[in-house]
Structure formats: C-alpha cells, structure tokens
Amino acid sequence: MIRLYELFVGTDATQVEINPLGETGDGQVFCFDAKVNFDDNAQFRQKDIFAMEDQSQTDPRELAASKHSLNYIGMDGNIGCLVNGAGLAMATMDIIQLHGGTPANFLDVGGGVNERQVFEAFHILSRDSQVRAIFVNIFGGIVNCATIANGVTKACRDIQLKIPLVVRLQGNNVDEAKAILQNSGLNIELAETMDDAAEKVVKGAGV
C-alpha cells in the first residue's frame with residue numbers, strides 16, 4: 001500500500017486502481033490488471049508519462065482544443081456550445097434539451113480565456129459537420145465579455161460563418177461586448193436570458 005501511495009503521489013495520478021487482485025494458494029499476491037489516470041495539469045512535470053499517450057485513440061477535436069487550453073468533449077447533437085465554466089456548460093446543455101434540441105459538444109473556454117482561444121474554439125465548432133447552430137453562453141465573472149465578443153467577431157469573419165449564431169452575455173463589461181456584436185455587421189442574434197437563447201438556437205438549428 002505504501003508503494004501504491006508513492007506511485008500515486010509521484011506520478012501526479014488521479015486514479016490508481018488494481019482490479020482484479022489475486023492471491024495464489026501459497027500466499028503470493030498478483031495484480032492481473034490495473035488502471036492509472038494522470039492529472040493533465042501535471043503534464044509539465046510528467047513529460048515521460050504523457051509522451052507515451054496514443055493520440056490516435058483521441059478525438060482530433062479534443063486534441064485541437066487541448067493545444068489551446070480548451071476543454072472539449074464531442075457529443076451527438078447539432079447545436080455547438082461555447083461556454084465558460086463547467087457548471088454553466090452543464091446548465092446550457094440541459095436547457096437546450098429542455099427546448100427540444102441536442103448539444104453537439106461540451107466546450108468550456110474557462111475564466112482566463114483570451115481572444116485567440118475564442119477564435120480557435122470557433123474553428124473547432126465550425127469544423128464539425130453536424131453542427132447546424134452555435135450557442136455562445138458567457139457569464140463574465142472573471143472573463144471580460146468584450147474579449148469574448150472580439151474573439152467571436154474575428155472568428156465569424158475568418159471562417160465566414162453561415163449557420164445561425166446566438167449569443168448570451170452577462171457580467172463584466174457586457175455593454176461594450178454587446179455593442180461590438182451589434183456593430184459588427186454580422187448575423188449574430190443576441191439573447192438576454194438562457195431560456196430565450198436556447199429557444200432561438202434550437203429554432204435556428206431547425207429542430
């Protein structure tokens with residue numbers, strides 16, 4: 001047990017599981033299978049371990065997101081989601097489903113997001129052929145809403161976005177952010193509440 005603990009701590013593991021563990025008739029103990037997971041935030045400390053990762057088994061969109069410090073999980077729906085914070089992301093997916101839609105992904109840009117990350121996040125969403133509308137849902141507690149707005153407008157121009165885009169912003173610098181979106185000349189639909197935004201994006205996706 002002490003050596004297992006040392007392994008857990010020394011490798012920045014989040015899980016060390018031995019299952020099954022067997023004992024022979026003469027008292028010897030064998031590990032027949034094991035599962036070990038590692039903290040992604042410790043990659044800088046555990047370079048040898050992370051170098052063994054088989055990236056061919058990982059969704060290319062997740063790999064692209066991780067390169068820009070974005071949290072992405074692909075799903076089966078047709079509404080792309082760009083959100084800050086895991087809790088808000090879950091609530092966003094729930095309200096989309098409440099209105100009859102299905103989320104295409106979980107994409108959390110985090111609290112310290114910059115314009116470049118927003119730009120790259122949009123590129124990831126736009127490469128997904130099943131996405132028929134995009135919902136940007138941001139609560140600016142830490143993040144500056146204007147940063148999101150600038151990233152969104154630059155990305156829309158760069159990829160020449162053709163599908164409906166609904167944006168709901170609340171919090172830090174929200175008035176400037178809304179002005180950026182409204183004056184962009186782009187086809188961006190603003191919403192004041194999550195309920196309103198979800199209804200609009202589900203309609204935009206043709207559900």
Side-chain angles (χ1 to χ4, degrees), residues 14-15 35 37-41 43 50 53-141 143 145 148-149 151-152 155-156 158-170 187-191 193-207:
T14 57
Q15 176 185 16
K35 182 176 183 180
N37 289 327
F38 304 96
D39 186 351
D40 290 338
N41 295 315
Q43 187 168 356
F50 281 88
E53 181 182 5
D54 181 5
Q55 294 189 339
S56 68
Q57 303 299 311
T58 305
D59 186 328
R61 297 168 298 181
E62 292 182 23
L63 289 175
S66 67
K67 289 177 182 177
H68 300 284
S69 301
L70 302 168
N71 298 309
Y72 179 95
I73 300 172
M75 302 173 74
D76 296 328
N78 57 16
I79 297 174
C81 305
L82 190 158
V83 185
N84 69 316
L88 185 58
M90 296 299 290
T92 299
M93 292 189 291
D94 285 344
I95 202 164
I96 286 172
Q97 291 177 311
L98 182 66
H99 284 272
T102 50
N105 64 274
F106 172 106
L107 200 168
D108 173 16
V109 298
V113 64
N114 56 45
E115 287 183 24
R116 184 66 191 181
Q117 287 173 299
V118 176
F119 181 87
E120 295 297 338
F122 251 80
H123 272 262
I124 292 167
L125 293 179
S126 68
R127 292 189 196 110
D128 188 342
S129 59
Q130 69 183 6
V131 170
R132 290 159 56 185
I134 295 176
F135 182 5
V136 175
N137 191 13
I138 298 295
F139 177 73
V143 69
C145 289
I148 300 293
V152 165
C156 287
D158 186 71
I159 65 180
Q160 298 182 338
L161 188 71
K162 298 291 193 299
I163 60 176
L165 169 61
V166 178
V167 179
R168 180 231 177 209
L169 301 168
Q170 292 294 333
N187 187 21
I188 299 173
E189 191 167 9
L190 295 178
T193 67
M194 282 181 60
D195 210 44
D196 179 38
E199 186 175 344
K200 287 177 177 176
V201 79
V202 168
K203 182 179 178 181
V207 177

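With contacts defined as side-chain heavy-atom distances shorter than 4.5 Å, the pair His123/Asp158 qualifies. Ile148 is listed as a side-chain neighbour of Val113, based on a closest heavy-atom distance under 4.5 Å. Residues Gln117 and Ser69 meet the side-chain proximity criterion, which asks for heavy atoms closer than 4.5 Å. A 4.5 Å side-chain heavy-atom check between Asn105 and Cys81 finds at least one atom pair inside the cut-off. At least one side-chain heavy atom of Ile134 sits under 4.5 Å from a side-chain heavy atom of Leu161. Inter-residue side-chain proximity for Leu165 and Val152 is flagged as met; some heavy-atom pair is nearer than 4.5 Å.
Atom CZ of Phe135 is separated from atom CG of Leu107 by 13.5 Å, given to the nearest 0.5 angstrom. To the nearest 0.5 Å, atoms CD1 (Ile138) and CZ (Arg168) are separated by 9.5 Å. How far NZ of Lys203 is from CD of Glu189: 8.0 Å, rounded to the nearest 0.5 Å. In this structure, the separation between CG on Asn137 and CG on Asn84 is 8.0 Å, given to the nearest 0.5 Å. Separating the CG atom in Asp40 from the CG atom in Asn71 is a distance of 8.5 Å, to the nearest 0.5 Å. The CG atom of Asp39 lies 4.5 Å from the CG atom of Asn41; values are rounded to the nearest 0.5 Å.
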Requested in this report: Go through the steps for Asp108 and Val83 under the test side chain to side chain contact (heavy atoms under 4.5 Å, CB included), then give the verdict.
Outcome: CA-CA 5 Å; Asp108 173 16; Val83 185; 5.8 Å; no

Requested in this report: Tell me, with the steps shown, if Ile96 and Met93 meet side chain to side chain contact (heavy atoms under 4.5 Å, CB included).
Outcome: CA-CA 5 Å; Ile96 286 172; Met93 292 189 291; 5.6 Å; no

Query raised in the report: Where do Met90 and Phe106 land on the side chain to side chain contact (heavy atoms under 4.5 Å, CB included) test, with the steps shown first?
Result: CA-CA 8 Å; Met90 296 299 290; Phe106 172 106; 4.2 Å; yes

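A search for salt bridge (Lys or Arg N to Asp or Glu O under 4.0 Å) contacts involving Asp196 returns Lys200, not counting sequence neighbours. Residues forming a salt bridge (Lys or Arg N to Asp or Glu O under 4.0 Å) with Glu120 (at least two apart in sequence, or on another chain): Arg116. Remark: Tyr72 pairs with no residue by the ring pair (Phe, Tyr, Trp, His ring centres under 6.0 Å) rule, at least two apart or across chains. Partners of Glu62 according to the salt bridge (Lys or Arg N to Asp or Glu O under 4.0 Å) rule, which considers only residues two or more places apart in sequence or in another chain, do not exist here. Not counting sequence neighbours, the partners of Asn37 by the side chain to side chain contact (heavy atoms under 4.5 Å, CB included) test are Thr14, Gln15, Lys35.
Under the side chain to side chain contact (heavy atoms under 4.5 Å, CB included) rule, Met194 has a single partner from Asp94, Leu88, Leu98, which is Leu88.
No donor-acceptor distance shorter than 3.5 angstrom exists from the side chain of Gln43 to the backbone of Phe38, with no hydrogens or angles considered.
Within the structure, salt bridge (charged side-chain N to carboxylate O under 4.0 Å, His left out) pairs that include any residue of residues 122-131 comprise Arg61-Asp128 (at least two apart or interchain).
Nearest heavy-atom pair across Ser126 and Ile159 is CB-CD1, 3.5 Å.
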